[in-house]
Enquirer: 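Structure provided below as structure tokens; questions to follow.
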Amino acid sequence: MSGRGRERRPRIALVTDSIFPYHRGGKELRYHELGRRLARHADVELYTMRWWGEGGRLADGVTYRAVCPRVEMYEDGRRSTRQALLFALGCLRLAARPFDVVEADHMPYLQLFPLRAITRLRRRRLVVTWHEVWGPAYWRAYLGRRGRLAWWVERAAMRLPDEIIAASDETARRLRGHLGPGARVTVAPNGIDMAAVRAARPAGRPVDVTTVGRLLPHKRVDMLIDAVALLRAGGRDVTCRIIGTGPQAAELAERARRQGVDDLVELREDVDDGSELLGLLKSARAFAFPSEREGFGIAVLEALACGLPVVTTAAPDNLATALVERSAGGLVCAPHAGALADGIARVLDAGAPGRDDAWLAGYDWDAVSETVRTAVLP
């Protein structure tokens, strides 16, 4: 065996409080896809809450370790402070674990402080993935007077990593605005599996418009239901499929009933398979994304890859607009139900623009993982 063959593989500790498939969202899918690709080059352990049963968990070459019991991440539709504290305390367990570098998700911020202490004592690097910068105005709207303290925590957390991986160009710009132009920030967007997209076939009942995402207040799925109601009031019945889970599920179903469009709106909380999701996307004619706060918008990227025209809103913190503006048949409208209804009608009348693989290829997970690997293992 050669000397190189006997070299120890680098050890990467990934840290994130929620994981795929137990919790479904952009960051969970990101760690699922990147983790298994990083495992081709390093020994990868992922530290999280206990989402599974007793014992360890091994999947796709990644070893999963629980640092604390699973705690509900949301209380009354907002991030739980208790969960953030317990997860941060649990991350102290990494003090006794072997690693060469820690790569952590920035949410919910508090865990970054013990991770910084541990990596500094061990003389190891701390790399943090930052999906979005909330800023003082959004924190005030989110938490009221407590938002001032939360913004202080976010701003302090930004200064902890040795390097930050930003999920979008706009997030990188906002980070440098707070940290200075010389801040070590690498842009590595969320991605898609282009081979899986090409292999997927339409599945499920055809619908006019669909959306995908966590059912949380800031996703503004209520606005989509209101838009469907406005379209019906104007004499146009538009069928709608909402794919996702979250604390707003029952509330949204009731909203559709009150608006008199429950016969047009289908809520799917049972979609667990990626190929099934792509099939459902391909059975729709358009995609709506009314989120008021989005660090990237991986669901938008998937919809565009499936050839759907996407309607999103010009909410200031909706960074998915960059993807929609780049697409052939996308439309960005004002952030209210009337404009969303008009936008949906326009893209349905215009028809599908077709998929533009040329620029979407840069978002393939294989390409993204190489950027992340270079940042994590320079």
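Positions are given from 1 along the sequence. The basis for the numbers below is simple: all heavy atoms, side chains too, and nothing from hydrogens, waters or symmetry mates.
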Enquirer: Say you draw a straight line from CG of D105 to OG of S18; how long is it, rounded to the nearest 0.5 Å?
Expert: 7.0 Å
Enquirer: Does Y142 have R79 sitting over its ring (NZ/CZ under 6.0 Å from centre, angle to axis within 45°)?
Expert: no
Enquirer: May I ask you to say whether R9 pairs ionically with D43, meaning some side-chain N is under 4.0 Å from a carboxylate O?
Expert: yes
Enquirer: For R184, give me all partners under side-chain contact (heavy atoms from CB on, under 4.5 Å), at least two apart in sequence or on another chain.
Expert: E163
Enquirer: Side chains of E75 and S80: donor-acceptor distance under 3.5 Å anywhere?
Expert: yes
Enquirer: Considering residues at least two apart in sequence or located in another chain, which fulfil the side-chain contact (heavy atoms from CB on, under 4.5 Å) criterion with D237?
Expert: R232, L264
Enquirer: I need the minimum non-hydrogen distance between A200 and K282, along with the two atoms involved.
Expert: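 That would be O-NZ, 3.0 Å.
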Enquirer: Quick check for you: to the nearest 0.5 Å, what is the distance between D17 atom CG and E28 atom CD?
Expert: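 Answer rounded to 0.5 Å: 7.5 Å.
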Enquirer: So W151 and H178, ring pair (Phe, Tyr, Trp, His ring centres under 6.0 Å) or not? Walk me through it.
Expert: CA-CA 12 Å; W151 166 236; H178 294 292; 5.0 Å; yes
Enquirer: Restricting to side-chain contact (heavy atoms from CB on, under 4.5 Å), what partner residues turn up for A141, sequence neighbours left out?
Expert: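 A141 satisfies side-chain contact (heavy atoms from CB on, under 4.5 Å) with no residue once adjacent residues are dropped.
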Enquirer: Are any of the side-chain nitrogens in E170 or R174 under 4.0 Å away from the carboxylate oxygens of its partner?
Expert: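 The answer is yes: the pair qualifies as a salt bridge.
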Enquirer: Among V15, L14, I19, whose side-chain contact (heavy atoms from CB on, under 4.5 Å) with T48 holds?
Expert: I19
